[in-house]
Amino acid sequence: MRIVTIGGLILIIHILQSTLFNLIRINNIAPNFFVMIIVSFSLLRGSKEGAIMGLFAGILYDLSFGTTVGFAFSYMILGFLCGRLTPNFYRENFILPFVCTFLGDLFINSFIVIALILRGETNIIYFFKEIIVPEIIYTNALTIFVYQISYKINLKIEQVEKRTRNIF
Amino acid sequence: MKVSRKVKKRIFIISGITLILLSLIVTLGRIYQLTLLGTISDIIIYPFQKIINIANTHVGGLTGYFKDIDTLLNQNEELLQENEQLLYQNTLLAELGQENENLKSLLDLAQRYEQYPSQGANIIGKDPGNWYKVFTIDKGKIAGLDNNNIILANGGLVGKLIEVNPLSSKVLTLIDDRSYVSVKVVRSGDIGILMGDIELSNKGIAKIEIDINAEIVKGDQVITSHLSDIYPPGIPIGTVEEVIVADNDLMQYAYVKPFVDFSNLQNVLIISKNGEKK
């Protein structure tokens with residue numbers, strides 16, 4: 001149940017991101033939905049599920065648009081690190097996903113920037129000013145809705161799981 | 001769940017090994033063109049992307065039908081005028097073509113401008129990130145495509161295929177940071193390297209790195225050069241917008257606006273260079 005729902009969710013987000021969400025680009029900057037969904041679910045469910053989700057999402061992205069396997073690992077680390085915070089916070093705390101998305105998006109983008117620096121593109125100020133900061137702002141603005149939605153989805157899944165456990 | 005330290009260590013080792021193996025499979029698959037995981041994800045994702053693409057174009061067509069009538073009328077008038085001009089030019093060109101053919105047969109150059117087999121395709125997915133400009137098209141190995149096939153649109157160069165799955169394939173556009181194309185300035189014949197740049201790619205512009213002594217000014221036309229292994233010579237790319245001298249006074253950079261509008265691209269033409277050689 002959980003695997004099917006979350007796997008389907010990642011698949012749907014990936015497909016929408018590559019097709020319809022190109023229409024909601026502001027000034028050619030698109031938000032990063034994978035960061036939002038991975039941060040939300042790993043904060044709700046813990047580091048193990050966060051890491052698996054991140055790996056799956058990253059591999060999907062790499063297979064569709066990457067030339068090397070890179071995002072798989074960075075998303076996995078992101079899910080793992082965010083999941084480490086789970087035991088220490090309430091789920092109803094809606095500020096933490098905000099902070100985590102901010103740092104998470106920075107984390108994912110810093111990997112790309114490092115890769116670019118290794119290739120000899122060293123205009124870091126431009127990268128931050130024109131791409132990373134707008135993306136973080138856009139992603140953070142949408143996190144409010146995404147976290148609420150994933151909170152409700154998670155609640156529903158947990159209810160269903162509880163019911164099935166009572167039967168057996 | 002409590003796990004002893006030994007088991008934990010083992011889990012870490014196992015997951016590490018699986019990760020390394022996974023990346024090995026993927027990279028080896030890329031090298032030998034046996035994309036195993038790519039095929040699986042291809043089969044899952046392709047139908048959805050295709051459906052959304054079809055729905056998207058049809059809905060856009062419906063709303064556009066009412067919106068664009070005014071512009072279409074104006075455009076029609078302009079196009080009629082242009083058509084007359086073009087007809088005139090066409091007759092001229094036909095003459096020139098005849099002449100060219102005669103001369104070519106004299107020079108035995110026919111082989112260089114051979115006609116390559118081509119086919120059309122739709123774009124079904126674009127890179128959701130903000131860094132790179134890669135997209136997927138809805139034809140793959142089954143349709144007879146191969147790595148390094150050339151992609152054209154609107155009479156200009158778009159890029160090349162970098163990975164071919166059974167149903168879909170990946171296109172690296174020439175404004176992407178990782179793309180390099182050897183180009184020639186039509187007027188002077190100077191040869192440079194066209195490369196994508198992250199700072200320019202969001203505006204749909206690429207830049208040429210060319211020797212300081214090369215003759216290049218604003219408005220020059222740029223085509224692919226005869227030096228490239230992948231790109232056939234003489235494919236139009238774009239016009240020069242601006243020329244600047246690099247800081248070290250050894251190179252100059254020319255910003256090129258391609259003929260292709262990368263943000264609104266929908267249909268492309270694929271040219272298989274390998275098909276002809278068999």
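The analysis underlying the following values was restricted to heavy atoms, covering all of them including side chains, and did not include hydrogens, waters or symmetry mates. The chains referred to below are lettered A, B, ... by the order of the sequence lines, with proteins before strands, and numbering in each begins at 1.
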Taking atom CG of B/Leu21 as the centre, report whether more than 12 heavy atoms of other residues, nucleotides or ligands fall under 6.0 Å from it.
yes
Rounded to the nearest 0.5 Å, how far apart are CH2 of B/Trp131 and CZ of A/Phe127?
6.0 Å
So, the part of A/Tyr126 with a heavy atom under 4.5 Å from chain B: the answer is side chain
Non-hydrogen atoms of chain B under 4.5 Å away: do they reach the side chain of A/Asn28, the backbone, both or neither?
both
For B/Asp247, does the CG atom sit with more than 12 other heavy atoms under 6.0 Å from it, leaving out its own atoms?
no
What are the two closest non-hydrogen atoms of B/Glu163 and A/Leu63, and how far apart are they?
OE2-O, 4.4 Å
Under a 3.5 Å distance rule, please check whether B/Asn130 uses its side chain to pair with a backbone N or O of A/Ala30 as donor and acceptor.
yes
Identify which part of B/Ile44 has an atom lying under 4.5 Å from any heavy atom of chain A, answering side chain, backbone, both or neither.
side chain
Which atoms form the tightest heavy-atom contact between B/Ile45 and A/Ser64, and what is the distance?
CD1-OG, 4.0 Å
Roughly how far, to the nearest 0.5 Å, is the CD atom of B/Glu199 from the CD1 atom of A/Ile131?
8.5 Å
Distance from B/Ser15 atom OG to A/Lys48 atom NZ, nearest 0.5 Å?
11.5 Å
Contact leader toward chain B among A/Asn32, A/Leu116, A/Ile132, A/Leu11, where contacts are heavy-atom pairs under 4.5 Å:
A/Leu116
To the nearest 0.5 Å, what is the distance between CG on A/Leu55 and OG1 on B/Thr18?
8.5 Å
A/Ile12, part contacting chain B, at a heavy-atom distance under 4.5 Å
neither
Should we count CZ of A/Arg84 as having more than 12 external heavy atoms under 6.0 Å?
no
Counting C-beta onward and ignoring hydrogens, is there a side-chain heavy-atom pair between B/Pro128 and A/Phe65 closer than 4.5 Å?
yes
Under 4.5 Å from any heavy atom of chain A, what part of B/Ile123 do you find: side chain, backbone, both or neither?
neither
Counting only non-hydrogen atoms closer than 4.5 Å, does A/Leu60 touch chain B with its backbone (N, CA, C, O), its side chain (CB onward), both, or neither?
side chain
Taking side chain as everything from C-beta outward and backbone as N, CA, C, O, which of these in B/Asp127 sits under 4.5 Å from a heavy atom of chain A? Side chain, backbone, both or neither.
both
Toward chain B, the part of A/Glu130 with a non-hydrogen atom under 4.5 Å:
neither
Just verifying a value: how many Å separate B/Tyr46 OH and A/Ile15 CD1, rounded to the nearest 0.5 Å?
13.0 Å
A/Val35, part contacting chain B, at a heavy-atom distance under 4.5 Å:
neither
Counting only non-hydrogen atoms closer than 4.5 Å, does A/Phe34 touch chain B with its backbone (N, CA, C, O), its side chain (CB onward), both, or neither?
neither
Is B/Lys170 reaching over with its side chain to a backbone N or O of A/Gly66, donor-acceptor style, under 3.5 angstrom?
yes
Highest number of heavy-atom pairs under 4.5 Å with chain A: which of B/Asn53, B/Ile198, B/Leu172?
B/Ile198
Distance, nearest 0.5 Å, that separates CZ of A/Arg119 from CG of B/Asp177:
4.5 Å
Do other residues, nucleotides or ligands put more than 12 heavy atoms under 6.0 Å from the CZ atom of A/Phe21?
yes
Is the shortest side-chain heavy-atom distance between B/Lys126 and A/Thr19 below 4.5 Å?
no
What part of A/Phe73 lies closer than 4.5 angstrom to a heavy atom of chain B: side chain, backbone, both or neither?
side chain
